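All values below come from the heavy atoms of this structure, side chains included, with hydrogens, waters and symmetry mates left out. In each ligand, atom 1 is the first atom listed, and ligand 1 is the first ligand listed. Keep in mind that this is a model prediction, so the values were computed, not measured.
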Amino acid sequence: MQKKLNLVLFGPPGAGKGTQSEKIIKKYNLTHISTGELFRKHLVEGTKLGLEAQSFMDHGKLVPDKIVIGMVDDKIRSTTGTSGFIFDGFPRTVPQAKALDKLLTSVDGSISVMISLDVPEEVLKERLRNRAKISGRTDDQDDVKIQTRIQEYREKTMPVSSYYEGQGKLVIINGVGTIDEIFNNICSVLDPLKELV
Ligand code: AP5
Ligand code: MG
């Protein structure tokens, strides 16, 4: 089987994961898996999964691992003919990262690289407050929810970068600058990897 480019795009709330994902999927023809977007879709459709996730998301807390992993498992297994995945907002805990490794192994794949977007906290808050005006996302609407999301990131999600660093897969990129500048820096990491697959 042909090897695929599987990317974890990592960073705190407001780091630009969604913004950069849109550009990356177009250039590299990857399948985008954003767990936040999948949950919001379930919520709109009123599914059981959406209802289970809602109370956690509304408070800026992480949704329990079991629910998230089951949803990603379904998505990976139901995707055929892709050149690879970009994981946005997943994995967010070390158990999620371990589960993803297992899952990819079972479909003959692995993570190629984790790109971590580095953005100072004040810039994150400013971006999310601005996005609140247009996003309609309830978790952008007040500073307490934003602070809880950043706290969850620090306590539970940051260790995920050490997990990939231990596998020699972590690349940190400055997430402050214009969207195109950041994208160009991401491409300079992905282009050589794309040639290898
Ligand atoms: P999720 O949807 O993943 O949200 P998040 O991590 O809080 O991240 P955001 O989507 O807010 O930020 P982003 O990095 O995508 O930034 P964006 O590109 O939009 O998760 C939501 C919730 O779902 C979680 O709180 C949790 O409850 C649950 N959940 C999801 N996944 C989970 C998991 N794996 N485990 C457990 N629970 C999970 O950019 C932000 C803003 O900045 C935008 O307005 C954008 O236009 C602007 N911007 C972007 N780049 C730039 C730039 N370079 N300069 C200026 N502005 C910029
Ligand atoms: Mg996002």
Identity and distance of the protein heavy atom lying nearest atom 37 (N) of ligand 1: V63 N, 3.0 Å

Donor-acceptor pair, side chain of N6 and main chain of F85, under 3.5 angstrom: yes

Backbone of I69 reached by a side-chain donor or acceptor of Q96 within 3.5 Å: no

Atom indices of ligand 1, in the order listed, that fall short of 4.0 Å to a heavy atom of G18: 13 (P), 15 (O), 18 (O)

L62 backbone acceptor or donor facing E152 side chain under 3.5 Å: yes

G11 near ligand 1 by a heavy-atom separation under 4.0 Å: no

N/O separation below 3.5 Å, F39 to ligand 1: no

Check: K169 side chain, I111 main-chain N or O, donor-acceptor pair, under 3.5 Å: yes

R149 and its salt bridge (Lys or Arg N to Asp or Glu O under 4.0 Å) partner, picked from D58, D143, D142, D139: D139

Contact partition for T93 relative to ligand 1, non-hydrogen atoms under 4.0 Å: neither

Side-chain donor or acceptor of K41 paired with backbone N/O of G50 under 3.5 Å: no

Closest candidate by heavy atom, reference atom 2 (O) of ligand 1, pool R40, Q20, E126, H59: R40

Shortest heavy-atom approach to atom 31 (N) of ligand 1 - which of L9, T35, D140: T35

Atoms in ligand 1 with a heavy atom of I182 nearer than 4.0 Å: 53 (N)

Shortest protein contact, atom 16 (O) of ligand 1 (heavy atom only): G16 N, 3.2 Å

K17 side-chain N/O to G11 backbone N/O, donor-acceptor pair under 3.5 Å: yes

N/O separation below 3.5 Å, V68 to ligand 1: no

Per-residue contact class, P12 against ligand 1 - non-hydrogen pairs under 4.0 Å: backbone

Residue, atom name and distance, where the atom is the protein heavy atom closest to atom 35 (N) of ligand 1: Q96 NE2, 3.0 Å

Any N/O pair L62/ligand 1 closer than 3.5 Å: no

Backbone or side-chain N or O of G175 under 3.5 Å from ligand 1 N or O: no

From CA spacing to verdict: side chain to side chain contact (heavy atoms under 4.5 Å, CB included), V68, F39: CA-CA 9 Å; V68 187; F39 281 132; 3.9 Å; yes

Side-chain (T35) to main-chain (G89) donor-acceptor, under 3.5 angstrom: yes

N or O pair under 3.5 Å between G14 and ligand 1: yes

V176 contact mode with ligand 1 (heavy-atom cut-off under 4.0 Å): neither

K61, any N or O under 3.5 Å of ligand 1 N or O: yes

Backbone or side-chain N or O of D88 under 3.5 Å from ligand 1 N or O: no

Min side-chain heavy-atom separation I150-K125 under 4.5 Å: yes

Residue and atom name of the nearest protein heavy atom (relative to atom 8 (O) of ligand 1), distance in Å to one decimal: K17 NZ, 3.3 Å

Of the listed options E152, R149, R92, M57, closest to atom 20 (O) of ligand 1 (non-hydrogen atoms): R92

Per-residue contact class, D139 against ligand 1 - non-hydrogen pairs under 4.0 Å: side chain

Minimum non-hydrogen distance to atom 4 (O) of ligand 1, winning option of R127, R137, E22: R137

K27 atom NZ, neighbour heavy-atom count above 12 within 6.0 Å: yes

Main-chain N/O of N174 paired with D118 side-chain donor or acceptor, under 3.5 Å: no

Among T19, V72, N130, closest by any non-hydrogen atom to atom 39 (O) of ligand 1: T19

Residues R77 and S106: side-chain donor-acceptor under 3.5 angstrom: yes

Minimum side-chain heavy-atom gap I76-L100 below 4.5 Å: yes

N or O pair under 3.5 Å between A15 and ligand 1: yes

Identity and separation of the nearest protein heavy atom to atom 43 (C) of ligand 1: R131 CD, 3.7 Å

G89 N/O to ligand 1 N/O under 3.5 Å: yes

Atom 53 (N) of ligand 1: the protein heavy-atom neighbour that sits closest, reported with distance to 0.1 Å: G177 O, 3.0 Å

Whether R92 side chain and K156 backbone form a donor-acceptor pair below 3.5 Å: no

H42 side chain reached by E52 side chain, heavy atoms, under 4.5 Å: no

For L128, atoms of ligand 1 separated by under 4.0 Å from a heavy atom: 11 (O)

